[in-house]
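These notes are about the structure you will find just below.
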Protein chains: 2
Amino acid sequence: MSQGKIGSSTKNVPEKTSTMESILEQWRRERPDIDPSPMAVCGQIWRAGEILRKGVTENWANYGLDLAGSDVILTLRRQGRGATLSPSDLAKDMMLSTSAMTNRLDRLEKRGLVKRTTDPKDRRGLRIILTDEGFALADEMVATHVATEEKLLSTLTKEECSQIRQLLSKIEGAD
Amino acid sequence: MSQGKIGSSTKNVPEKTSTMESILEQWRRERPDIDPSPMAVCGQIWRAGEILRKGVTENWANYGLDLAGSDVILTLRRQGRGATLSPSDLAKDMMLSTSAMTNRLDRLEKRGLVKRTTDPKDRRGLRIILTDEGFALADEMVATHVATEEKLLSTLTKEECSQIRQLLSKIEGAD
DNA sequence: CATAAATAATTCGATATCAAAATATCATAC
DNA sequence: GTATGATATTTTGATATCGAATTATTTATG
């Protein structure tokens, strides 16, 4: 997540109230000259993303991790046993500033899940590696992570899932 | 967005490097016992959302606003001329803590785009209203906002857009 | 009516992020 | 080989967010 509390019970942050359709309705009334359907598409994508994010975050919390931590742990895990990445590699992979990565690694290192090792080829650089504990945690976590996602998507057929992938893949960044 | 700098030129935050397919490939190699396709679906939804978010944020920056500001301004605008919402209403609508809303309103009020007025029915409460300047800005902004979204979605047909909406609407939160 | 519980907004303390500066090291050009 | 520029990471300062505490007011209960 982003605010370092794991199983927070009291919630200051409420659920979204207005439905997509009521929002469109308002815009049609206020600005009949504008076709608001692009808003609906974007809004639906963001909404779905939020729901999924919330679901997987709850699972990560069971391991005492937030989005920040699991992101790093799982990225390292999928490189394979013993593989390493530099802090810059990790930052690039998750579109984060390197300073944010320093902070994430500090926390994970303090928890004993990753280790900073020196890069033998470049004394400026570091290679980040999962500890045995981190590897084991990742290995356990990835199974429930995928199961969680499966559950969140269970109202969709396999066919519909691949339709979603295919359709959304057409939205391409300009960079 | 979230860090109050408008046309930042230097970028510490890089673009995502690894493709969805290469990530799946890694997981298939590391954990052949797990079918990673749910990851692909979620990932594609998040990725598309990020691309869209980036695009519309660039447009908002042209008005000196970030995600936080435009969210409030547009939510107020679509209620209609002269309409008001309480800070709590706004927080609920955009899934934010009320303390975060206090902060957003502080900034917008300082810029002269919204005004805090007292609630005649409840002396605890406030009613937030767009100033004339805020209303005019919102009215101009919503047009380019929708145009921006349209452009970002231009690789999709109308039919494909409504397919996306229909498919994603099946992903429902558990709350 | 008086008191207790609920609600509205703000303030406060903590934290994750970013951009920019600082530090260290590498690579290249001369 | 020395200087200049590029690169890797951390440090620093600013800010937006959250959760909890605070203050003020309303609603409900006896």
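Below, read A as the first sequence line, B as the second, and so on, with proteins coming before strands; counting in each chain starts at 1.
Atom pair I128(A):CD1 and dT9(D):C1' shows a separation of 10 Å (rounding to whole Å applied). In this structure, D119(A) atom CG and dT9(D) atom P are separated by 8 Å, rounded to whole Å. Across the protein-nucleic acid pair, D66(B) atom CG and dT17(C) atom C1' stand 14 Å apart, rounded to whole Å. Atoms CG (D89(B)) and C1' (dA9(C)) sit 13 Å apart, rounded to a whole Å. In this entry the distance linking CG of N103(A) with C1' of dT10(D) reads 11 Å, nearest Å. Residue K92(A) contributes atom NZ, which lies 13 Å from atom C1' of dT9(D) at whole-angstrom precision. The nearest whole Å value for the distance from the NZ atom in K110(A) to the P atom in dT15(C) is 10 Å. Across the protein-nucleic acid pair, R127(B) atom CZ and dA8(C) atom C1' stand 12 Å apart, rounded to whole Å.
Closest approach to the A100(A) side chain among dT10(C), dC18(C), dT10(D) is made by dC18(C) (side chain taken as heavy atoms from C-beta onward). The D122(A) side chain lies nearest to dA8(D) when the options are dA8(D), dT10(C), dT17(C). Listed candidates were dT9(D), dA20(D), dT11(D). Nearest to the side chain of S99(A) is dT11(D).
Put simply, R104(B) has a side-chain N or O that comes within less than 4.0 Å of OP1 or OP2 on dT17(D). Listed pair R123(B) / dT7(C) fails the phosphate criterion, with no side-chain N or O lying under 4.0 Å from OP1 or OP2. In terms of phosphate contacts, R107(B) brings a side-chain nitrogen or oxygen within less than 4.0 Å of OP1 or OP2 of dA16(D).
The pair R31(A)-D139(B) counts as a salt bridge, with a side-chain nitrogen and a carboxylate oxygen less than 4.0 angstrom apart. Using a 4.0 Å cut-off between a side-chain N of Lys or Arg and a carboxylate O of Asp or Glu, R28(B) and E21(B) qualify as a salt bridge.
At least one donor-acceptor pair closer than 3.5 Å links the side chain of T131(B) to the backbone N or O of G112(B). Panel note: side chain E150(B), backbone P38(A); no donor-acceptor pair is recorded below 3.5 Å. Checking side-chain atoms of T84(B) against main-chain N and O of I129(B) turns up no donor-acceptor pair under 3.5 Å.
One N or O donor and one acceptor, one from the side chain of R124(A) and one from the base of dT7(D), sit under 3.5 Å apart. Applying the 3.5 Å distance criterion, the base of dA9(C) shares no donor-acceptor pair with the side chain of S86(B).
Of the residues near DNA chain D, M101(B) and R116(A), the one whose nearest nucleotide (by heavy atom distance) lies more toward the 5' end is R116(A).
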